[in-house]
Q: 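There's a structure below that I have some questions on.
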Amino acid sequence: MVPFNYYVILSLLLFLIGLLGVLFRRNLIILLVSLEIMMNALIILFAGISHYTKDVTGYLIVFFLIGMAAAEAGVGLSLVVLLYKKLKKVYADEINYFRG
Amino acid sequence: MNWDILIFLYLALAMSISSLLAVVSRNPVHAVLWVLVMILHQAFLLYTLGSEFLTAVQIIVYAGAVLVLFLFVVYMINLRKEERWRIFIQRSSLGLIVFLVFVVLFFKNLAFLTALSPSFQAALPMDLNQGTNLWWMARYLYSHYLFQFEIIGVILLVAVLGAVFLLRKLKEVA
């Protein structure tokens with residue numbers, strides 16, 4: 001039986017790796033990929049809690065999270081494609097359409 | 001050292017390395033493929049956590065739908081590899097400060113998080129002697145969480161409609 005702490009530490013590690021990508025990358029697609037990595041860290045945490053307490057709630061939250069991730073990827077990627085069609089750029093520091 | 005811990009350590013190491021390589025790789029196609037490696041390992045991790053159904057959902061939805069969508073977009077908008085090694089945006093020192101704040105906060109609260117597990121009371125308990133994991137999930141999904149299940153359906157519908165609406169022909173507006 002693997003201790004519960006290991007799952008928490010793995011989840012925190014994956015969340016920090018995803019946060020590294022969100023904070024430092026300038027490619028918008030890789031930024032969305034990093035968001036997926038952060039959401040996978042949450043999935044591990046909820047499934048681990050649910051496994052160790054013999055409770056179904058965590059598994060159901062994982063089910064909802066996977067649906068949310070699919071919706072988020074669809075909307076985010078359509079926004080990236082729209083931005084590319086309009087500006088021909090996908091790098092976050094080159095997009096200054098609103099002079100921001 | 002028994003097999004459970006060995007398998008867990010292999011999965012943890014593979015997931016950490018592949019996600020780190022996905023974050024630092026210059027080519028977006030390589031990044032998406034490294035995330036695919038991470039997703040498959042995570043599916044097996046969900047199997048070791050006792051849920052076969054979530055393993056199947058993880059492979060079908062993430063590896064089959066979401067990552068294929070990412071690859072499709074990467075090929076469609078014809079991304080070049082970044083010529084310069086300039087993956088770091090400007091003002092990266094500000095991002096470094098935010099990252100270090102998150103690291104410090106997480107490892108300060110790690111003892112709190114790991115001490116949390118024995119204190120949970122199972123709200124919707126499952127008894128694996130009476131039914132499989134999928135049976136218990138389906139039972140509670142369609143009774144306690146029926147409203148949330150409808151909500152996630154509406155969210156997926158809105159996401160599809162939003163994607164179609166955003167990418168329609170732009171000259172219809174003018």
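Residue numbers begin at 1 in each chain, while the letters A, B, ... track the order of the sequences.
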Q: What part of Tyr140(B) is in contact with chain A, defined as an atom under 4.5 angstrom from a non-hydrogen atom: side chain, backbone, both or neither?
A: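 Its backbone and side chain both get close to chain A.
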
Q: Given side chain to side chain contact (heavy atoms under 4.5 Å, CB included), test Gln58(B) with Asn40(A) step by step and report yes or no.
A: CA-CA 10 Å; Gln58(B) 176 92 10; Asn40(A) 281 321; 3.7 Å; yes

Q: What heavy-atom pair brings Lys85(A) and Arg168(B) nearest, and what distance separates the two atoms?
A: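 What the structure gives for the nearest pair is NZ-O, 4.3 Å.
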
Q: Check whether any side-chain heavy atom of Ile77(B) lies under 4.5 Å from a side-chain heavy atom of Ile29(A), and answer yes or no.
A: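 In contact.
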
Q: Report the distance from atom CG of Leu20(B) to atom CG of Leu13(A), rounding to the nearest 0.5 Å.
A: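 One gets 8.5 Å once the value is rounded to the nearest 0.5 Å.
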
Q: For Ala65(B), is it the side chain, the backbone, both or neither that has a heavy atom under 4.5 Å from a heavy atom of chain A?
A: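 Neither part; nothing is under 4.5 Å.
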
Q: Identify which part of Leu45(B) has an atom lying under 4.5 Å from any heavy atom of chain A, answering side chain, backbone, both or neither.
A: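 Side chain only.
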
Q: Please classify the contact of Leu167(B) with chain A as side chain, backbone, both or neither, using a heavy-atom distance under 4.5 Å.
A: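 Its backbone and side chain both get close to chain A.
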
Q: Give, for atom CD1 of Ile17(A) and atom CD1 of Ile17(B), the distance between the pair rounded to the nearest 0.5 Å.
A: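 Reported value, rounded in 0.5 Å steps: 9.5 Å.
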
Q: Kindly determine whether Leu60(A) and Gln148(B) satisfy side chain to side chain contact (heavy atoms under 4.5 Å, CB included), including the steps that lead there.
A: CA-CA 10 Å; Leu60(A) 292 176; Gln148(B) 285 87 343; over 6 Å; no

Q: Flag the pair Tyr7(A) / Leu49(B) as yes when at least one side-chain heavy-atom distance between them is below 4.5 Å, and no otherwise.
A: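 Heavy-atom side-chain distance check passes, below 4.5 Å.
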
Q: After noting the C-alpha distance and the side-chain angles of Leu77(A) and Phe72(B), does the key distance pass the side chain to side chain contact (heavy atoms under 4.5 Å, CB included) rule?
A: CA-CA 10 Å; Leu77(A) 283 176; Phe72(B) 185 68; over 6 Å; no

Q: What part of Ile39(B) is in contact with chain A, defined as an atom under 4.5 angstrom from a non-hydrogen atom: side chain, backbone, both or neither?
A: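 Contact with chain A involves the side chain of Ile39(B) alone.
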
Q: Taking atom CZ of Phe8(B) as the centre, report whether more than 12 heavy atoms of other residues, nucleotides or ligands fall under 6.0 Å from it.
A: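 Yes, CZ of Phe8(B) has more than 12 neighbouring heavy atoms, counting only those of other groups under 6.0 Å.
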
Q: Find the distance between CD1 (Ile43(A)) and OH (Tyr62(B)) and round it off to the nearest 0.5 Å.
A: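 Reported to 0.5 Å precision, the distance equals 4.5 Å.
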
Q: Taking all heavy atoms of Ala70(A) and all of Leu156(B), pick out the closest pair and write down the distance.
A: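 Taking every non-hydrogen atom into account, CB-CD2, 4.4 Å.
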
Q: Using heavy-atom distances under 4.5 Å, tell me whether Met126(B) contacts chain A through its side chain, its backbone, both, or neither.
A: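 Its backbone and side chain both get close to chain A.
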
Q: Aromatic contact between Tyr145(B) and Phe63(A), with the criterion being ring centroids under 6.0 Å apart: yes or no?
A: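 Tyr145(B) vs Phe63(A): aromatic centres not under 6.0 Å.
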
Q: Quick one: which residues of residues 130-138 of chain B reach chain A at under 4.5 angstrom, heavy atoms only?
A: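 Expected list: Asn133(B), Trp136(B), Met137(B).
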
Q: For the atom pair CE (Met38(A)) and OG (Ser19(B)), what is the distance rounded to the nearest 0.5 Å?
A: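 Taking CE in Met38(A) and OG in Ser19(B), the distance rounds to 12.0 Å.
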
Q: Does Phe102(B), at its CZ atom, have more than 12 non-hydrogen atoms belonging to other residues, nucleotides or ligands within less than 6.0 Å?
A: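 No.
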
Q: Please state whether the side chain, the backbone, both or neither of Leu46(B) comes within less than 4.5 Å of a heavy atom of chain A.
A: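 When you check distances to chain A, only side chain atoms of Leu46(B) fall under 4.5 Å.
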
Q: Pair Val23(B), Phe24(A) - check side chain to side chain contact (heavy atoms under 4.5 Å, CB included), show working.
A: CA-CA 9 Å; Val23(B) 164; Phe24(A) 290 117; over 6 Å; no

Q: Roughly how far apart are Met15(B) CE and Ile37(A) CD1, rounded to 0.5 Å?
A: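 The CD1 atom of Ile37(A) is 9.5 Å from CE of Met15(B), to the nearest 0.5 Å.
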
